[in-house]
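Values below: every heavy atom of this structure, side chains too, minus hydrogens, waters and symmetry copies.
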Amino acid sequence: MTVTDDDPEDAALRALVEPRRRAILRLVAHDELSAGEIASTFDVTRPAISQHLTVLKDAGLLVERREGTRRLYRARSEGLDGLRAFLEDLWASSLDTARRLVEADRGRRDDDEHHAAG
């Protein structure tokens, strides 16, 4: 597997590293909110929130809709699909590794018990 800067999962992960961006995504997960409404929940400047919104939008995690002079934002669930698949694959692989380790350990213990009894 080749990793490039164009991988949507990488863009999503980079965007979500920042805690405020995750908080913004939670805010707009179920409601469409204006940039002002989003900014009012944080103790940072509106330009800072605007930058976070741009990063999330560029990563494909937000949709922006204009209504007159207002910009409204909502989460774009499709933007998380690739990331969700990546995490599910990673989780399944980790579970498979854990299963193999437990089975190998169980096999060693069974061998140890067999040798101790013999």
Side-chain angles (χ1 to χ4, degrees):
M1 177 180 161
T2 303
V3 177
T4 67
D5 288 339
D6 298 329
D7 285 342
E9 298 85 18
D10 287 349
L13 284 169
R14 280 192 302 275
L16 294 173
V17 165
E18 215 290 332
R20 280 193 189 100
R21 291 187 200 132
R22 293 193 304 271
I24 289 169
L25 204 53
R26 283 186 198 103
L27 284 173
V28 297
H30 303 291
D31 294 314
E32 185 177 60
L33 298 174
S34 70
E37 290 170 318
I38 294 167
S40 71
T41 65
F42 296 95
D43 192 23
V44 294
T45 64
R46 282 186 184 227
I49 294 300
S50 180
Q51 289 176 339
H52 289 309
L53 292 169
T54 298
V55 170
L56 289 166
K57 201 170 55 172
D58 290 348
L61 300 173
L62 285 185
V63 173
E64 176 186 281
R65 180 174 70 86
R66 292 177 187 240
E67 187 177 86
T69 59
R70 295 176 63 195
R71 292 179 185 198
L72 301 168
Y73 297 88
R74 65 178 169 80
R76 183 176 171 269
S77 62
E78 305 86 24
L80 292 172
D81 287 346
L83 183 57
R84 183 180 299 116
F86 166 77
L87 293 172
E88 286 173 356
D89 287 347
L90 191 63
W91 180 250
S93 176
S94 295
L95 288 176
D96 188 48
T97 299
R99 179 189 54 78
R100 286 193 313 259
L101 290 171
V102 167
E103 288 174 353
D105 185 53
R106 185 178 300 140
R108 281 193 297 272
R109 280 188 281 142
D110 289 347
D111 286 346
D112 290 347
E113 290 172 6
H114 178 72
H115 285 82

Using side chain to side chain contact (heavy atoms under 4.5 Å, CB included), reason through V28 and L56 one step at a time and then give a plain yes or no. CA-CA 11 Å; V28 297; L56 289 166; over 6 Å; no
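Closest of all the heavy-atom pairs between R20 and E18 is N-OE1, 2.5 Å. The minimum heavy-atom distance between F86 and E9, with the atom names listed, is CB-CG, 4.1 Å. Nearest heavy-atom pair, A11 versus A59, reported as atom, atom and distance to 0.1 Å: O-CB, 3.6 Å. In terms of heavy-atom proximity, L27 sits nearest to F42 at CD1-CE1, 3.8 Å. L25 and L61 get closest at one heavy-atom pair: CD1-O, 3.6 Å. Closest approach of V17 and R22 over heavy atoms only: O-NH1, 2.9 Å.
T54 places a side-chain N or O within 3.5 Å of a backbone atom of S50 that can act as its donor or acceptor partner. Looking at R65, its side chain never comes within 3.5 Å of a backbone N or O of L72 through a donor-acceptor pair.
We find the CG-CG distance between L33 and L53 to be 10.0 Å, quoted to the nearest 0.5 Å. Distance CD/Q51 to CZ/R21: 9.0 Å, rounded to 0.5 Å. Here CD of E78 is found 10.0 Å from CZ of R84. Values are rounded to the nearest 0.5 Å. Distance check: L62 CG to R74 CZ gives 10.0 Å after rounding to the nearest 0.5 Å. The NE2 atom of H52 sits 14.5 Å away from atom NZ of K57, with the distance rounded to the nearest 0.5 Å.
Under the 4.5 Å side-chain heavy-atom criterion for ILVMFWY residues, no single connected hydrophobic cluster contains both V55 and Y73.
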